[in-house]
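Order of the sequence lines sets the chain letters (A, B, ...), proteins ahead of strands, with each chain counted from 1. All heavy atoms count here, side chains included; hydrogens, waters and symmetry mates do not. Please read these numbers as outputs of a predicted model, since none were measured by experiment.
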Amino acid sequence: MKNLVEGLNEEQCAAVRASLTGSILVLAGAGCGKTTVLTRRIGWLCSNGFDPEHVCALTFTRKAADEMRERVSGIELMKECERRPFIATFHSFALFILREKIDEVENFVRLGYSAAPTLQTEKERLKLISEIVAKGDREILGVDLIGLESLITRCTVFPEKINAFSGENQLIIRKVLHQFTYEKRRRGVWDFEDLTADVIELFKLDFSVLERYQKKFRYFLVDEFQDTNPVQIAFLRQLLLPSTGLFAVGDDDQAIYGFRGADVRPTLEFTTIFNNAGIVKLQTNYRSSLQILHAANSIFKKKPQAYRKILRSGLSNKSSKGVPPKWLHFENQTQMADFLIGEAQKQVGSLKINIHQCAVLFRINRSLEWVSQYYAQQGFTTEETPALVTIHGSKGLEYPVVFLCDLEESVFPNYRPPGKKVRKGRIVGKILDYFIGGKAPAVCDWDEEQRLFYVGVTRAKQVLYMITVRNKFVYGRKRKFERSRFRKLF
DNA sequence: CGGTAGAAAGTTTTT
DNA sequence: CTTTCTACCG
């Protein structure tokens, strides 16, 4: 029992040993050891009388689930025990429930599916949508196929959003959603987002199924809680009896998946939503130099006290004050790409690291692809270049050396073209001018961009460069860019 | 109805 | 620039 908190700091201990009843939210700053806390908490539960099979831990990616499973198995206490906690992604947990057979009837049959559903690919989904919806409907809604697809996603995840549309639009959306659901059931196909939604339906349809799971799982743990969508929260809340425990780990500062339906509100309003709730903050960082932590801390200065985290260093080697993060600007992408590879090689020598431990982070894939193709043309193999990755893709990872790119206003923070307007039944085209600060007011989710910036900065352990390119080719045209407003943060 | 020219648009992504 | 969508013609 003692070794479960061995080597942990005070905050981490408090989290692992928090009350066994009620709900706990662990607000874990970047690099503060959240996975360790999560896995040790599972060990703590089991050493305090919980049967491992009554414990359910949910994550978002298979990789995270696999890692957690492995780390839990590594705990001494668990090795003596045959029984294992249930560790899965939200999706595979839902799929597991749907495929289960109760009283000789498969659960999905209860929902009206004609055959065991198969998962639909993105392409199949778009095809089905285009088959259902008439072109006229799309024009009235003022969206293209992709726009409609994301509209459907959002309305499935936030059903109350449908009410926000005006009469005619609302009617169309309801019709499309209804048709879409009907067709999927008839054909026996699932979208990923159907999995959770269908389980909720199933639980409503047959309360005894829900009851079985409520009794089976007496404790839930959720990783990356800030990335949950409202459907997942509803699913979780159904499963929680007043006596069921909940241990949620997340970071509202790293919520970067709003665009796919994630909603930070349950994290921010945790104590009002969940039973008997407490909050523990993890603010001791074991990843970055003091200089990098200082930069990271200056991003959310204006946040309300209750949720503000100040990262302090937990590294014993205090000489690792590090070097100040550097802002650089280049005239064009070629100059930048040449610098990146040269500087990465230099750092490989001085820090005694592998070149893949140097990461070039991009806001958009197009920039990443440009650099990647440039290196190919220069004859470099991927073995010889730094890791090229989007900021979204870098979440959860860390690198001794980080080059944070795309720091031009409109690229990062990213502007989207203003929404399309319908005039005389026709869609008015979007205007490209927003890229060069033209007249069309661009849309920017500043808060989410800021969190993305925070994620980018906190990937760096020792060396951080922030890079602006003045002239870039965008859609085949050379354009001038201003330095990003992030420059003003520190 | 299908083929095609010309217009329009163009983040971030896991399951 | 490239990909996707639309309008129009045969």
Side-chain angles (χ1 to χ4, degrees), chain A residues 58-66 88-96 98 118-123 125-127 130 133-136 138-139 142-150 153 156-157 190-199 223-224 227-229 231-232 235 254-262 361-370 373 389-396 405-406 408 410-420 425-435 440 442-445 447-453 455-456 472-479:
Chain A
L58 298 173
T59 66
F60 282 90
T61 65
R62 264 200 278 253
K63 200 177 142 212
D66 290 346
T89 62
F90 269 98
H91 293 92
S92 59
F93 182 31
L95 198 57
F96 177 85
L98 290 173
T118 53
L119 283 169
Q120 197 171 217
T121 64
E122 197 63 22
K123 270 202 170 156
R125 174 180 160 93
L126 282 172
K127 201 171 159 232
S130 73
V133 69
K135 220 187 289 177
R138 262 190 280 160
E139 285 202 348
V143 291
D144 59 10
L145 190 57
I146 303 285
L148 181 63
E149 193 263 349
S150 83
T153 303
T156 314
V157 176
W190 271 315
D191 279 329
F192 282 109
E193 71 208 34
D194 289 331
L195 301 175
T196 345
D198 277 355
V199 173
D223 193 16
E224 303 281 12
D227 288 336
T228 51
N229 69 40
V231 178
Q232 288 159 333
F235 170 55
Q254 293 184 73
I256 56 171
Y257 284 106
F259 70 92
R260 69 174 192 208
L361 307 188
F362 299 92
R363 174 64 181 85
I364 59 173
N365 275 316
R366 245 176 257 283
S367 307
L368 186 157
E369 281 154 19
W370 193 96
Q373 286 187 8
V389 52
T390 62
I391 301 170
H392 284 88
S394 75
K395 194 165 160 215
C405 300
D406 280 344
E408 301 93 34
S410 84
V411 180
F412 190 19
N414 191 266
Y415 298 174
R416 295 181 310 291
K420 286 192 218 174
R426 282 174 183 265
I427 299 162
V428 177
K430 292 181 180 178
I431 308 166
L432 262 177
D433 282 351
Y434 68 93
F435 256 116
V443 181
C444 172
D445 184 344
D447 287 344
E448 187 137 321
E449 295 296 317
Q450 209 171 305
R451 293 191 290 263
L452 259 174
F453 185 64
V455 170
K472 272 184 164 177
F473 276 95
V474 180
Y475 307 135
R477 270 238 186 113
K478 199 173 172 185
R479 292 181 185 281

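- Counting any heavy atom pair closer than 4.0 Å across all strands shown, A:Arg62 reaches sugar-phosphate atoms only and no base atom.
- Note: NZ (A:Lys63) to C1' (B:dT15) measures 15 Å, nearest angstrom.
- Rounded to whole angstrom, the span from the CD1 atom of A:Ile256 across to the P atom of B:dT13 amounts to 9 Å.
- One can place CG of A:Leu368 at 10 Å from P of B:dT12, the figure rounded to the nearest angstrom.
- Among residues two or more places apart in sequence or in another chain, the salt bridge (charged side-chain N to carboxylate O under 4.0 Å, His left out) test is passed with A:Glu408 by A:Lys472.
- A:Thr390 has no side-chain polar atom (N or O) that falls below the 4.0 Å cut-off from OP1 or OP2 of B:dT11.
- Using a 4.0 Å heavy-atom distance criterion, A:Tyr257 is classed as a sugar-phosphate-only contact.
- Nucleotide B:dT14 holds its C1' atom 14 Å from the CG atom of A:Asp191, rounded to whole Å.
- Rounded to a whole Å, the CG atom of A:Leu98 is 14 Å from the C1' atom of B:dT15.
- Across all strands, A:Phe60 comes closer than 4.0 Å only to sugar-phosphate atoms, never to a base (heavy-atom distances).
- Relative to the six-membered ring of A:Tyr475, A:Arg477 misses at least one condition, a distance below 6.0 Å or an angle of at most 45° to the axis.
- With B:dT15, B:dT11, B:dT13 as the choices, the nucleotide that has an atom nearest any side-chain atom of A:Thr61 turns out to be B:dT15.
- Remark: C1' of B:dT13 and CD of A:Glu224 are 14 Å apart, rounded to the nearest angstrom.
- With sequence neighbours excluded, no residue forms a side-chain hydrogen bond (donor to acceptor under 3.5 Å, both in side chains) with A:Thr390.
- For A:Phe192 and B:dT15, the CZ to C1' distance is 4 Å, given to the nearest whole Å.
- Distances were taken from every side-chain heavy atom of A:Tyr475 (C-beta onward) to each of C:dC1, B:dT12, B:dT13; the shortest belongs to C:dC1.
- Going from atom CZ of A:Arg366 over to atom C1' of C:dC1 covers 9 Å, rounded to whole Å.
- Between A:Phe90 and A:Phe60, the angle of the ring planes lies from 30° to 60°, which puts this pair in the tilted group.
- By the 30° and 60° cut-offs, the orientation of the rings of A:Phe93 relative to A:Phe235 is tilted.
- Contact annotation: A:Asn365 side-chain N/O to B:dT13 OP1/OP2 distance is under 4.0 Å.
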